[in-house]
Novice: 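First the structure, then my questions, so here it is.
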Amino acid sequence: MTTRLSPLDTAFWSLEAPDAPLHIGALAAFLPAPGVTVDPDALIGVLAARAQTIPRLRRRVRSSWNPLEGPYWEDQPDFDATAHLTHHAVDQSATGLEDTVAALMAKPVPRHAPPWEIHLLSTGTGFFLLFKVHHAAVDGLRALEVGMRLFDQFADAPPRSTTSTTSRPATVPPTGPLPLRLLRAIPVEARRTLRAAELAGDALLASVGGVERALLRPSELRRPAPGPPALALPTLDLDEIRTVRKAHGGTVNDVVLALLAGTLRAWGESDDARVLVPVSDRGGRRSGATAGGNRLSGYLVDLPVSEPDPRERLRLVREAMDAHKRRGPRRGAGAVALLADLLPASGHQLTAPLLRSSAPLLFDALVTNVPMPDFSFSLGGHALTGLHPLPPLAQRQTLAVAVSSYLGRVHLGLRGRFASPARTADLRDALDASMAELLATC
């Protein structure tokens, strides 16, 4: 069974560069069961057996012989899940773990085989799983769905077939005489062209603002350093974030964005930062999108880093997010991902070299929130205690932040390209200072 990649998935596949891989990741922490010794070989065997049964993990990307057609998914005939799993013994210190994960995240997943990897990281007191999967294969919600099938609680669930969703055409093939079909297509193509022009215009205006910020207001946040990104894995108390929300209004996500604004300020930034906040668009119907592909849009939000009052920072973030929600995720420059659905597959392959380094012109940092159900999971009887989502970092991008809450804790993954790797670790201290500042206002 073969299936064309959706237009947005084709864009993700084409935009990847060796020094800026476009996979997403998650680092899961486990506490060994009482009286049970962690056996890495046994855990690898359990993971391999479960991964072998997941249809989405069997698929690889193949290029079409026709340059006008995009790549397609096919099941790898000799698929062996064990080839995608590796065990590492790592330093149990926080720094040793972060350095190991940072190095593994900097390496692309295979492009000749199903594009995913699982790394079992064992320490003296527990173990971690690093799951990497290409963004063309899944978005954050789909990655969570796939990852849950590796846990004990869902290991016996029947395999979910992708045939009924990803292999059907996005639209019904046209019927009738050719002249009539052409006449019917005119208004459809006109609307697509107008929408593409609108999105391209919004993106162009945002890019002009990005050039202005880079030239007139340079900062460390807009100067990516060469080399692989460093990593920090901070954790916050969800009840503290809810305390701030109850005192000042808004949503938990609003508080997190205001918290990040204060973090950048405590870290040494004085200028406002524009961040891209991805939004799932699975509730909408979009031309050219397959049911199983990525369905994303987003908001461009200016974090009020220059505002000294933490309460005012939260108010400004709340008002900005409310305004975006009223307009919806399909309007404005943050919806540039929707432009992918309006371009032919050949267009992505031709424009990818030009677009790979354009992200800094649209935004200074990526901030994504990955929802995690508050359900107790385990692997081989060992309890899951936390999960840090790990975002992709586009070429010439300096900072990406992913956030997820689980069982009363908020776990973050911070990836940054700074002149000193310690600057990424400094963000953890700045985050704690920003949280304390917000709590002091309650």
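Positions are given from 1 along the sequence.
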Novice: Do the ring planes of Phe154 and Phe377 sit parallel (below 30°), tilted (30 to 60°) or perpendicular (above 60°)?
Specialist: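 Phe154 vs Phe377 ring planes: tilted.
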Novice: Do any side-chain atoms of residues 105-113 form donor-acceptor pairs under 3.5 angstrom with protein atoms, and if so which ones, sequence neighbours left out?
Specialist:
residue : atom : partner : partner atom : Å
Arg111  : NH1  : Trp13   : O            : 3.4
Arg111  : NH1  : Glu16   : OE1          : 2.6
Arg111  : NH2  : Trp13   : O            : 3.2

Novice: Decide whether a cation-pi geometry holds between Arg423 and Trp267; the criteria are a distance under 6.0 Å from NZ or CZ to the six-membered ring centre and an angle within 45° of the ring axis.
Specialist: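 The answer is yes, since Arg423 meets both limits relative to Trp267.
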Novice: Whether the side chain of Arg415 engages the backbone of Pro391 through a donor-acceptor N/O pair (distance < 3.5 Å, no angle test) should be reported.
Specialist: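 Yes, the answer is positive, given that a donor and an acceptor are paired below the 3.5 Å cut-off.
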Novice: Keeping the roles fixed (side chain from Thr398, backbone from Leu221), state whether a donor-acceptor pair exists under 3.5 Å.
Specialist: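 Yes, the answer is positive, given that a donor and an acceptor are paired below the 3.5 Å cut-off.
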Novice: For Ser122 and His87, does a side-chain donor sit closer than 3.5 Å to a side-chain acceptor?
Specialist: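 A pair is found: one side chain offers a donor N or O, the other an acceptor, under 3.5 Å apart.
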Novice: May I ask you to decide if Asp302's main-chain N or O and Arg274's side chain share a donor-acceptor pair within less than 3.5 Å?
Specialist: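 Here the side-chain-to-backbone pair does not exist.
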Novice: Would you check if the side chain of Arg313 reaches a backbone N or O of Pro304 as a donor-acceptor pair within less than 3.5 Å?
Specialist: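 No: the side chain of Arg313 does not pair with the backbone of Pro304.
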Novice: If the test is side chain to side chain contact (heavy atoms under 4.5 Å, CB included), which one of Val410, Leu414, Thr263 qualifies with Pro234?
Specialist: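 One option only clears the test, and that one is Leu414.
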Novice: How would you list, by chain and number, every residue that makes a salt bridge (Lys or Arg N to Asp or Glu O under 4.0 Å) with Asp80, sequence neighbours excluded?
Specialist: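 Partners of Asp80 under the salt bridge (Lys or Arg N to Asp or Glu O under 4.0 Å) test: none.
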Novice: Starting from the C-alpha separation in whole Å, work towards a yes-or-no answer on side chain to side chain contact (heavy atoms under 4.5 Å, CB included) for Leu431 and Leu412.
Specialist: CA-CA 10 Å; Leu431 185 72; Leu412 292 88; 4.3 Å; yes
Novice: I'd like to know if Glu145 and Arg142 make a salt bridge, using a cut-off of under 4.0 Å between side-chain N and carboxylate O.
Specialist: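 Salt bridge between Glu145 and Arg142, a charged N being under 4.0 Å from a carboxylate O: yes.
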Novice: Is a donor on one side and an acceptor on the other found under 3.5 Å between the side chain of Arg417 and the backbone of Gln397?
Specialist: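 Yes: the side chain of Arg417 pairs with the backbone of Gln397.
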Novice: Would you say His324's side chain and Leu300's backbone share a donor-acceptor pair under 3.5 angstrom?
Specialist: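 Yes, His324 side chain to Leu300 backbone: donor-acceptor pair under 3.5 Å.
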Novice: Starting from the C-alpha separation in whole Å, work towards a yes-or-no answer on salt bridge (Lys or Arg N to Asp or Glu O under 4.0 Å) for Arg428 and Glu98.
Specialist: CA-CA 12 Å; Arg428 181 178 20 241; Glu98 289 174 348; 2.6 Å; yes
Novice: In terms of relative ring orientation, are His135 and Phe12 parallel, tilted or perpendicular, with 30° and 60° separating the classes?
Specialist: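 Because their plane-to-plane angle is under 30°, the rings of His135 and Phe12 count as parallel.
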Novice: Assess, by modelled atom type and distance only, whether the side chains of Asp271 and Ser219 contain a donor and an acceptor separated by less than 3.5 Å.
Specialist: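 The answer is no; no qualifying pair exists.
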Novice: Set out, in order, the CA-CA distance, both residues' side-chain angles and the distance that settles ring pair (Phe, Tyr, Trp, His ring centres under 6.0 Å) for His411 and Tyr406, then state yes or no.
Specialist: CA-CA 8 Å; His411 305 280; Tyr406 180 63; 7.1 Å; no
Novice: Looking at Glu319 and Arg315, is any side-chain nitrogen of the basic one under 4.0 Å from a carboxylate oxygen of the acidic one?
Specialist: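 Salt bridge present between Arg315 and Glu319.
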Novice: Quick one about His88 and Thr100 (side-chain donor to acceptor, distance below 3.5 Å, no hydrogens or angles considered), yes or no?
Specialist: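 Their side chains do not contain a donor-acceptor pair, so the 3.5 Å distance test is not met.
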Novice: Can you name the one residue among Leu104, Ile24, Leu231 that meets side chain to side chain contact (heavy atoms under 4.5 Å, CB included) with Leu390?
Specialist: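 Exactly one pass, corresponding to Leu231.
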Novice: Can any side-chain N or O of Glu117 pair as donor or acceptor with the backbone N or O of Phe131 at less than 3.5 Å?
Specialist: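 No, Glu117 side chain to Phe131 backbone: no donor-acceptor pair under 3.5 Å.
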Novice: Around Arg311, counting heavy atoms of other residues, nucleotides and ligands shown, do more than 12 lie under 6.0 Å from its CZ?
Specialist: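 Atom CZ in Arg311 is not crowded, with 12 or fewer foreign heavy atoms closer than 6.0 Å.
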Novice: Is it true that a side-chain atom of Asp75 and a backbone atom of Arg59 form a donor plus acceptor pair closer than 3.5 Å?
Specialist: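 Here the side-chain-to-backbone pair does not exist.
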Novice: So does Ser306 get a backbone contact from the side chain of Arg265, meaning a donor-acceptor N/O pair under 3.5 Å?
Specialist: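 Between the backbone of Ser306 and the side chain of Arg265 there is a qualifying donor-acceptor contact (under 3.5 Å).
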Novice: For Thr251, does its backbone N or O pair with a side-chain atom of Asp254 as donor and acceptor, under 3.5 Å?
Specialist: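 Side chain of Asp254 to backbone of Thr251, a donor-acceptor pair under 3.5 Å: yes, one is there.
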